[in-house]
Colleague: 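What follows is a single structure, and I will ask about it in a moment.
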Amino acid sequence: MNYQPGLHIIAEISSSRQHLLEKSAVVRQLLNSQIEKYSLSKLGEVYHDFEPGGFTAVICLSESHISLHTWPEYERVNLDIYLSNYQRYNDDTARQLFDELVAFLRLALSPVNN
């Protein structure tokens, strides 16, 4: 198999579910569950909740990274998922992870780059 770097998904998304964009705790649980479900290797993570609301989440993986940045006052989420294919093919996993996050947040997609 020829090496393919992996899939990088970057999206700017709208959400009317502001309560999910306020604090990172619920999304953190979901991401931890997905990381385990897809047998990804977490190297480190940073979650920061802003006042009065919104958060930044960055998870460093041996496969690369997942990051979310929320602006509940504007009903916006920036999402960045990159999974490399260095040790195994992860393109389908990146797509599934993205689709599950979108479904969980019930977001209307407004893709920026892909």
Colleague: With no hydrogens and no angle check, do the side chains of Tyr38 and Glu100 hold a donor and an acceptor under 3.5 Å apart?
Modeller: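 Result is yes, a qualifying pair exists.
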Colleague: Backbone N or O of Pro72 within a donor-acceptor pair of the Thr70 side chain at under 3.5 Å?
Modeller: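 No, the answer is negative, given that no donor and acceptor are paired below the 3.5 Å cut-off.
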Colleague: Looking at every non-hydrogen atom in both residues, tell me the closest pair between Leu21 and Phe55 and how far apart they are.
Modeller: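 Closest heavy-atom pair between Leu21 and Phe55: O-CD2, 3.6 Å.
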Colleague: Looking only at atom types and distance, does a side-chain atom of Asp49 sit under 3.5 Å from a main-chain N or O of Lys23, one as donor and one as acceptor?
Modeller: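 No: the side chain of Asp49 does not pair with the backbone of Lys23.
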Colleague: Other hydrophobic cluster members with Phe50, side-chain heavy atoms of Ile/Leu/Val/Met/Phe/Trp/Tyr under 4.5 Å, chained?
Modeller: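 Members other than Phe50 - counting any ILVMFWY side chain reachable under 4.5 Å - there are none.
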Colleague: Nearest 0.5 Å, please: how far is CD in Gln18 from CD in Glu73?
Modeller: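 So the CD of Glu73 and the CD of Gln18 are separated by 8.5 Å.
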Colleague: May I have the step-by-step check of side chain to side chain contact (heavy atoms under 4.5 Å, CB included) for Glu45 and Asn32, ending in yes or no?
Modeller: CA-CA 10 Å; Glu45 62 189 356; Asn32 284 334; 3.8 Å; yes
Colleague: Mind telling me whether His65 and His8 have parallel, tilted or perpendicular rings, with 30° and 60° as the class edges?
Modeller: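 His8 vs His65 ring planes: perpendicular.
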Colleague: Could you see if Ile35 belongs to whatever hydrophobic cluster contains Leu79? Use Ile, Leu, Val, Met, Phe, Trp, Tyr and a side-chain cutoff under 4.5 Å.
Modeller: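 Hydrophobic grouping puts Ile35 with Leu79.
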Colleague: Check whether any side-chain N or O of Glu75 sits under 3.5 Å from a backbone N or O of Ser14 as a donor-acceptor pair, and report yes or no.
Modeller: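 Flag not set: sc Glu75 to bb Ser14 has no pair under 3.5 Å.
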Colleague: For the hydrophobic clusters of this structure (ILVMFWY residues joined by side-chain heavy atoms under 4.5 Å, transitively), does one cluster hold both Ile59 and Phe98?
Modeller: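 Yes; tracing contacts between hydrophobic side chains, which count when under 4.5 Å, links both residues.
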Colleague: Starting from the C-alpha separation in whole Å, work towards a yes-or-no answer on side chain to side chain contact (heavy atoms under 4.5 Å, CB included) for Ile81 and Leu7.
Modeller: CA-CA 8 Å; Ile81 298 171; Leu7 181 61; over 6 Å; no
Colleague: Counting N and O atoms only, with roles assigned by atom type, does the side chain of Asn85 sit under 3.5 Å from a partner on the main chain of Gln4, one being a donor and the other an acceptor?
Modeller: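 Yes; at least one donor-acceptor contact below 3.5 Å.
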Colleague: Applying side chain to side chain donor-acceptor pair (under 3.5 Å), name anything that partners Glu22, two or more places apart in sequence or on another chain.
Modeller: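 Per chain and number, Glu22 pairs via side chain to side chain donor-acceptor pair (under 3.5 Å) with no residue.
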Colleague: In terms of hydrophobic clustering (I, L, V, M, F, W, Y; side-chain heavy atoms under 4.5 Å; direct or indirect links), are Phe104 and Ile13 co-clustered?
Modeller: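 Same cluster: Phe104 reaches Ile13 through Ile, Leu, Val, Met, Phe, Trp or Tyr contacts under 4.5 Å.
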Colleague: Leu31 vs Leu68, test: side chain to side chain contact (heavy atoms under 4.5 Å, CB included). Steps then yes/no.
Modeller: CA-CA 11 Å; Leu31 289 172; Leu68 287 96; 3.7 Å; yes
Colleague: Quick check on the hydrophobic clustering: are Leu97 and Tyr82 connected, directly or via other members, by side-chain heavy-atom contacts under 4.5 Å?
Modeller: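 The answer is no; the residues belong to distinct hydrophobic clusters.
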Colleague: So, applying side chain to side chain donor-acceptor pair (under 3.5 Å) with Arg95, which one of Asp91, Asp92, Asp99 is it?
Modeller: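 Between Arg95 and the candidates, side chain to side chain donor-acceptor pair (under 3.5 Å) is satisfied uniquely by Asp92.
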Colleague: Regarding Asn90 and Arg88, do their side chains bring together a donor and an acceptor under 3.5 Å, going by distance alone?
Modeller: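 Yes, a side-chain donor-acceptor pair sits under 3.5 Å.
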Colleague: Grab the two heavy atoms, one from Ser64 and one from Ser84, that are nearest each other, plus how far apart they are.
Modeller: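 Looks like CB-N, 4.4 Å.
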Colleague: Check whether Tyr47 and Leu40 end up in the same hydrophobic cluster, where Ile, Leu, Val, Met, Phe, Trp and Tyr are linked by side-chain heavy atoms less than 4.5 Å apart.
Modeller: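 The answer is yes; both residues are in one hydrophobic cluster.
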Colleague: Kindly determine whether Glu63 and Thr93 satisfy side chain to side chain contact (heavy atoms under 4.5 Å, CB included), including the steps that lead there.
Modeller: CA-CA 11 Å; Glu63 297 83 6; Thr93 301; over 6 Å; no
